[in-house]
There are 2 protein chains.
Amino acid sequence: MTKKYRTPDGYTADIAVFTIVTEESKPFTPPDMSLNLLLIERAKWNTEGELNTEGGKWALPGGFVGVHENALQAAVRELKEETGIDCVHMKHFGIYDEPGRDNRGWIISNAHYAIISEEDLREMNANDDASAVKLVNIHDVLQLELAFDHRQIICDALSVIKRELLQTTAAKNLLQDEFTYSELQAVLSTVTKDPAILNEQAFARKIKSLPFIEKVEGKTTQRTSKKATQLYRFNEVEVVKPIYTGRYQER
Amino acid sequence: MTKKYRTPDGYTADIAVFTIVTEESKPFTPPDMSLNLLLIERAKWNTEGELNTEGGKWALPGGFVGVHENALQAAVRELKEETGIDCVHMKHFGIYDEPGRDNRGWIISNAHYAIISEEDLREMNANDDASAVKLVNIHDVLQLELAFDHRQIICDALSVIKRELLQTTAAKNLLQDEFTYSELQAVLSTVTKDPAILNEQAFARKIKSLPFIEKVEGKTTQRTSKKATQLYRFNEVEVVKPIYTGRYQER
DNA sequence: ACAATAGTGTCTATAAGACAATATCAT
DNA sequence: ATGATATTGTCTTATAGACACTATTGT
């Protein structure tokens, strides 16, 4: 055991918190949504008045893993502490442990992503001190000055969230239990330009044949239109759609 | 900090090692493959002659995370130590930390899966002592008596590997660089019964239109047929196929 | 010639994409 | 009535699935 081995100087959990922001919501109008990532601004100076490492830059929320927990637990705990949210969809997606990623030492980060509904987010805005926290549209986030290697982590997170939203039923975490086709469409359009999803009529037809979505029989809403609109909900069907074929396959 | 907090008694990395086994390989015949999981048999007695915890049962390879590494690194290291393989496709997929999962104490496991080609596997068989290691067809693995909560971990791993093989180009890790349609088909058929994949002619046609697979111009082989057969290779195109539509979308 | 596998021709049913028309209803 | 959104009608084109057929070649 010579210098071949080195003790990490820290073990952290970072969290890419994704949420939907409804841009405008006139009555009787389908929503215009954007997928946003929650970032915090690192303080320029610490409490002793010294310049902070990577101060002034934007970063993912997170913190050190406690001695009594694993990284996922730490991620859940930190999110709870910082935003008051009990997360329902927190998942690990990567480990970042390049020796030079943090100039304070060898800090290993377990990266997670969380999907939080707009509704739950509103609770947060009540809880936090709102000072250095902001939601950034995922299309703008890479323009910011980001701390450490968070640019890389965020790139990976974006890639994962896009895949998750399009290839699984994860979108249900961003919607109310019962939703209209245009609301689901608005969520999906935040991560895809696929004309098959963007096209109104095509999507309104398609939703009726998706095995993992079912009509809420006889239930409608007027929140997106003056005309009463059919409500749908996700059922428990899990679907794996192979890239090699055109048909569904249930698990 | 009362008894609300508890120190874990161990932090381990477990690895679900998946590999292809070609069942029969007559010359000029397409392969008949099965996806197998590598398991080890826990010794009945330890070196002091005492009964071992969960002895005699089958378990995923793995071991304790060292003080100088994270779980992923530990997984790679353990796999290297136990089989001599430098893994190219090792990924974290879950954390198992139920208090009662191991009756020796609170042992937290980071679960990973690895995809290893048959070729690389052959090196392993040279390296290990072959005593208590075996490859089990994924369709039989849940029949075995499994240690700890490895039944649950394996269930999750199977679910992940199936999705990975069908929804990403991960199958490339199980094939040679250049392969025939029937070889790819054989790999995929280990995890799906989808008739669109199982049907010879349909698949032979389909492969030509897949954006992430390209013809190796003018190159053929006779290893699966007396008739010279076209070779294909994966290119670098990454594809996300939404469950909501029927068309491809490149990233 | 035979057996086995690769690959093509072609038909049909279904789905996708485009465009238009109709329905509903607060204002 | 108007304007906005939902929903259906219908036409065209593309793809999937099925089946039959041809091509190649070691034995």
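Sequence lines set the chain letters: A, B, ... in the order given, protein chains first and strands last, and positions in each chain run from 1. The figures here come from the full heavy-atom set of this structure, side chains too, leaving out hydrogens, waters and symmetry mates.
Partners of A:D140 by salt bridge (Lys or Arg N to Asp or Glu O under 4.0 Å), not counting sequence neighbours: none found. In this structure A:S117 satisfies the side-chain contact (heavy atoms from CB on, under 4.5 Å) test together with A:E119, A:D120, sequence neighbours excluded. The side-chain contact (heavy atoms from CB on, under 4.5 Å) test applied to A:N199 returns A:Q201, A:A202, not counting sequence neighbours. Remark: B:D86 engages B:K80 in a salt bridge (Lys or Arg N to Asp or Glu O under 4.0 Å) (not counting sequence neighbours). The side-chain contact (heavy atoms from CB on, under 4.5 Å) search around A:A170 returns A:H89, A:I115, A:E164, A:L165, A:T168, A:N173, not counting sequence neighbours. With sequence neighbours excluded, no residue satisfies salt bridge (Lys or Arg N to Asp or Glu O under 4.0 Å) with A:K226. With sequence neighbours left out, the salt bridge (Lys or Arg N to Asp or Glu O under 4.0 Å) criterion links B:E178 to B:K219, B:R233.
Nucleic acid contact class of B:T180 (heavy atoms, under 4.0 Å, all strands): none. Residue contacts for B:K26: at a heavy-atom cut-off of 4.0 Å it reaches no nucleic acid atom on any strand shown. Nucleic acid contact for B:P27: none, since no nucleic acid atom lies under 4.0 Å from a heavy atom of the residue. Among the protein residues, B:P195 comes within range of no part of the nucleic acid, since none of its heavy atoms lies under 4.0 Å from any strand.
Under the 30°/60° scheme for interplanar angles, the aromatic rings of A:F212 and B:Y244 are found to stand perpendicular.
OP1 or OP2 of D:dA6 lies within a sub-4.0 Å distance of a side-chain N or O belonging to A:S182. For the OP1/OP2 pair of C:dA4 and a distance below 4.0 Å, the side-chain nitrogens and oxygens of B:T29 include no atom meeting the criterion. Side-chain N/O atoms of A:K208 include one lying less than 4.0 angstrom from OP1 or OP2 on D:dT8.
Between the B:H150 side chain and the B:L60 main chain, a donor and an acceptor come within less than 3.5 Å of each other.
If you check residues 216-228 of chain A against DNA chain D, the residues with a heavy atom closer than 4.0 Å are A:T224, A:S225, A:K226, A:K227, listed by number.
Relative to the side chain of B:E200, the nucleotides C:dA6, D:dT7, D:dA16 differ in distance, and C:dA6 lies closest. Comparing C:dA26, C:dT8, D:dT8 by their nearest atom to the side chain of A:F28 picks out C:dA26.
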Hey, what are the protein-to-nucleotides 19-21 of chain D N/O distances that come in under 3.5 Å?
from	atom 1	to	atom 2	distance (Å)
D:dA20	N6	B:Q201	NE2	3.4

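If you take NZ of B:K206 and C1' of C:dG7, they are 17 Å apart, rounded to a whole angstrom. As rounded to whole Å, 13 Å separates atom P of D:dT7 from atom CZ of A:F203.
Between B:I197 and A:T229, it is A:T229 whose nearest contact on DNA chain D lies nearer the 5' terminus.
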